[in-house]
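Report on the structure given below.
Numbers for residues simply follow the sequence, beginning at 1. Every value quoted in this text rests on a predicted model; they were computed, and no experiment measured them.
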Amino acid sequence: MKIIKESNISKIITLSTVFIITSLMLFNGYFFITKQYELLDAQIEDTRKTFETNKRALLQREVDSIISFIEFKLHRAASDTPNDLAALKQEAFEWIRHIRYGGQEHNYIFVYEINHISGGDRFAKMLINPNRPDLEGEYISDAYTDENGKAFRKIFLHDILDHGYSFVEYLYKKPGTKLARPKVSYFKLYQPWNIIIAAGVYLDDIDQEIEAAKTQFQEKVKMEATSAIIIFLLFALVANAFALMLGKRIERFLKSYHAQVQQKAQELETLNHTLESRVQEEIQKNREQEQLLIQKSKFIALGEMISNIAHQWRQPLSQLSALLMTLKLKYNRDMLDKSSMEIKCVEAENIVEYMSHTIDDFRNFFMPNKDKKRFSIQNSVDEVLRIIQEAIIHHNIVVDVRIESDESIVGYKSEYEQVVLNLLSNAKDAILASGRAEGYIRITLESDEKSIYLRVEDNGGGIKIEPIERIFEPYVSTKEQNEGTGIGLYMSKLIIEKSMRGKLSARNEKEGAIFTIEIEREFKEALGGTPL
């Protein structure tokens, strides 16, 4: 049972087009939204890193400002007595004890007086610690560890010996709570007084900022995702409306075709009074039926052309989506300058121009041309490949074009290209049916003094029908019952042999079939055929 019939071809084309367009829109919408949430996670991570970097800079700035203040005081008291220097030190420590920074009450300064810089159980005396006043005046050990077993005092002593300062992350009890929280502290040795001045911040303060930023980012992502979905839906609506309109036109054409056939049958009965008129009418009818059969084969091929358009547009649509996301990302990060905008606009214009050229290629291919003219065979092959190549490449089939010297012939260019397209499409289907992992199609142009030969060769396993000439009969197909119409090669042979005064032949080789289009080098006007 054939799926594609004359009665339902318009519905099949319409439904397949709507399905392809809708699927593409859904895929691109999903891809866009997924990327937006990936950007959201990246922005949150950037916010966290920025927070930690800023806090580390704050700690270093606070400790350095304290040391600068002490040195300023020492410079002014350089001529004072030792008792005055002791009072100055006590005054500085009292001032340090009450310092808070970063807008947080639990951000305080703590000071160690070094006993053994190399470490040990009594390596230092705790001079100032507003969070642990019970430790002030007590000797402390570098073996002390936090709840995760991290000996952070050994770490900062080692760094101070190497660099004079240290940044260390560890767990420590937060003022006003009974729980240890992650904290980063900055330790710096002030050698004139043999003390280590340190400042720290609790990293869990970032959670509130991250939550606020996350809420803001999520709102922005929702707004952008909603806008993108609306755009995709509008595009899908327009494209599907075009597909429905195309289906209606095809349906009207088929109805017109049936009406013409019926009308011609009635006229034939009316004019059947003489043998001569019957013969002439039969000839005319055959010509018209052949023309309609060619148009019918083109409309059947139109279903495959829609798939080819989808293959041609899939990559440009993905590139356009990625370009839009790049512009939004740069805009969100205030990195979108005029130069970048102009470059991206040019890229977008190139993509749109490519898609427009694709539509022109398909429109020109289906535009009837009844004028006989001289044309280049290589140009015709290139135009056919622009239409079908993406669909062939999609199935990992290699196309090998071997045209060392171009040739030109006089004839009907669009009909010749239709034959080449049909041969390439049949070769692709034969390779897919054979299940070969490495398929290839070879196109070769040769000539001699009399004729020009264009050969299309594949490795699809060859033609199983015997005798092989039967494949050019109408409604004889090498494909499965539901996959072929059996008129493609018949119409191809009719075009070449009647319109072009040439010859279309086929033969089997080791790996597959070879089809040869033979055209006489001089296609004279007096002998020229009529376009089908």
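Looking at residues two or more places apart in sequence or on another chain, you find no ring pair (Phe, Tyr, Trp, His ring centres under 6.0 Å) involving Phe123. Taking Tyr331 as the reference, nothing meets the ring pair (Phe, Tyr, Trp, His ring centres under 6.0 Å) condition, with sequence neighbours excluded. For Tyr139, there are no ring pair (Phe, Tyr, Trp, His ring centres under 6.0 Å) partners at least two apart in sequence or on another chain. Glu71 pairs by the salt bridge (charged side-chain N to carboxylate O under 4.0 Å, His left out) definition with nothing, not counting sequence neighbours. Applying the side chain to side chain contact (heavy atoms under 4.5 Å, CB included) test to Arg181 and every residue at least two apart in sequence or in another chain returns Lys174, Leu179, Tyr202, Asp204. Listed by chain and residue number, Asp400, Glu457 satisfy the salt bridge (charged side-chain N to carboxylate O under 4.0 Å, His left out) test with Arg442 (two or more places apart in sequence, or in another chain). Residues that satisfy the salt bridge (charged side-chain N to carboxylate O under 4.0 Å, His left out) test with Lys183, not counting sequence neighbours, are absent from this structure. For Gln378, the side chain to side chain contact (heavy atoms under 4.5 Å, CB included) partners two or more places apart in sequence, or in a different chain, are Ser376, Asp382, Ile403, Asp406. By the ring pair (Phe, Tyr, Trp, His ring centres under 6.0 Å) test, Tyr101 pairs with no residue at all, sequence neighbours left out. For Glu509, the salt bridge (charged side-chain N to carboxylate O under 4.0 Å, His left out) criterion is met by Arg507, not counting sequence neighbours.
When each of Phe110, Phe167, Phe156 is paired with Tyr186, the ring-ring contact (aromatic ring centres under 6.0 Å, His included) condition holds for Phe167 and for no other.
To the nearest 0.5 Å, atom CD1 of residue Ile128 and atom CD of residue Glu113 are 11.0 Å apart.
Listed for the Lys428 side chain is no donor-acceptor partner under 3.5 Å among the backbone atoms of Ile388.
The list of side chain to side chain donor-acceptor pair (under 3.5 Å) pairs with a residue in residues 118-134, not counting sequence neighbours, reads Tyr108-Asn131, Asp121-Ser141, Arg132-Asp134. Here salt bridge (charged side-chain N to carboxylate O under 4.0 Å, His left out) pairs that include residues 184-202, with residues two or more places apart or in two chains, are Asp64-Lys188.
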